Amino acid sequence: MRFNIRVPDGFNFWRTVYSHGWCALPPFEIDKKNDCLIRVLDFASEKKVVAKISYLKKQTLNIFSSENLSKIEREEAVTQLRSCFRLDEDYSEFYTEANKNADFKWVPKAGAGRLLRAPTVFEDVVKMICTTNCSWALTEIMVDNLCKKLGFKLDDSYFTFPTPEVIAGFTEKYLRKEIRAGYRAPYILELSRRITKGNIDIEKWQTSGLSTEELFKKVRSVKGIGPYAAGNILKLLGRYDYLGIDSWCRGKFFEIHRNGKKCSDKVIENHYKHFGKWRGLFFWMDVTKDWYAKKFPF
DNA sequence: GCGTCCAGGTCTACC
DNA sequence: GGTAGACCTGGACGC
C-alpha cells in the first residue's frame with residue numbers, strides 16, 4: 001500500500017537522508033537505483049513492514065509499505081517517520097543564524113540541518129556506542145550483526161533493530177564474539193537490562209524538560225557513553241549545545257580552518273562558541289559541507 | 001600468510 | 001582535576 005506525508009517548506013529529502021552515516025546502517029538502507037530510502041518499521045501491534053520512502057515534488061514524501069497497514073498502524077508509521085526526518089522541529093532560528101554568516105548561507109539554501117534519527121532513542125544510543133573507538137567498517141559489522149542475529153527477520157534481506165528485551169536475554173560473551181561488539185558488549189548489555197527492568201527510560205530523553213547540561217549528564221551516566229557519544233546523541237534529541245568531536249571531525253576541522261595544522265579541542269570549541277545553542281549543528285554543517293555537492297556522497 | 005603496530009573513545013585507577 | 005593504561009578490532013605494513 002502507499003500513503004503520503006507532507007513535509008515543511010525548505011525540507012530537503014536527500015540532504016536529510018545523508019545528514020550523517022545512519023542511512024547506511026540497517027534497518028535503514030539506501031536504494032540508489034530506485035531513488036529511495038528503505039526502512040524496516042516495527043509496530044506496537046508486532047507487525048513489521050519494509051517501507052520504501054521517496055520524495056515526490058510538492059513537499060510530499062511517498063511511502064510504499066510491503067504490507068497493508070491498519071489505520072492505527074499507518075498513523076504509527078507516520079509518527080515514526082516524522083520523528084526520523086525531524087519534520088516537527090523548528091529550524092527557523094537556526095537558519096536565521098546561518099544567514100547572518102557568509103560561511104553558512106548555503107545551509108538554509110540546501111535545506112540542510114535535519115539529522116536523520118531512528119524511531120527509538122534506544123536504537124540511536126546503541127548505534128552511537130557502536131561508533132566509538134573503531135573504524136566505520138567495524139560499526140557496520142556490529143550493527144549488521146545486531147539486526148541479523150538478534151532482530152526480527154522479515155526475509156533474507158530485511159531485519160528489525162533488536163529491542164532491549166531481546167538483547168537483555170543474551171550473554172556478554174555472545175555480544176562480544178558473535179556481534180563483535182568487543183569490550184562494548186557489557187555496556188550494551190547493561191543498558192538493555194536497565195531498560196528491561198524499568199530502571200531507566202531513555203525514550204523519555206526526547207521530551208525531557210531538563211536543561212541540556214543536565215540531560216548531557218544523564219546521557220553520560222550510561223556506561224560506554226563519553227563526551228563524543230553524548231554530544232552526538234543530544235544532537236539527535238534536538239539539542240545542539242555540544243560538539244561531539246571525534247577524530248574524523250577533528251581532521252576535517254584542521255583541513256578546513258588550519259591548513260592541516262593540528263590544534264586542541266578547546267580551540268575547536270572556541271571557534272563555534274558564538275553560535276550559542278546551535279554550535280553543535282554549525283560544527284557538523286561545517287565539517288560535512290562537501291557532502292552537499294553530491295546527491296549520494298557515500 | 002603471519003606477526004606487529006596503530007588508530008579509534010571510554011573507563012578505571014592512580015597521582 | 002588531570003593523566004596513563006587497558007579495552008578490542010580491523011587495517012596497514014613489513015617480512
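In what follows, chains are A, B, ... by sequence order, proteins preceding strands, each numbered from 1. Bear in mind the structure is a predicted one, so any value in this text is a computation, not a measurement.
A cation-pi contact, defined as under 6.0 Å to the ring centre and within 45° of the axis, is absent between A/R279 and A/Y272. Under a cutoff of 6.0 Å and an axis angle of 45°, A/K153 and A/F159 do not form a cation-pi pair.
Transitive grouping of hydrophobic side chains (ILVMFWY, heavy atoms separated by less than 4.5 Å) brings A/L210 and A/W205 into a common cluster. When hydrophobic clusters are built by joining Ile, Leu, Val, Met, Phe, Trp and Tyr residues whose side-chain heavy atoms come closer than 4.5 Å, directly or via intermediates, A/V40 is not grouped with A/L37.
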task: Heavy atoms under 4.0 Å is the rule here; annotate nucleotides 9-15 of chain B 5' to 3' with B where the base is hit, S where only the sugar-phosphate is, and - elsewhere.
output: BSSS---
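Using cut-offs of 30° and 60° on the angle between ring planes, the pair A/Y91 and A/F94 is perpendicular. Between A/H20 and A/W284, the ring-plane angle classifies as perpendicular under the 30° and 60° cut-offs.
Extent of DNA chain C lying under 4.0 Å from chain A heavy atoms, first and last nucleotide in 5' to 3' order, is C/dC7 to C/dG11.
Put simply, CZ on A/R117 and NZ on A/K127 are 13.5 Å apart, with the number rounded to the nearest 0.5 Å.
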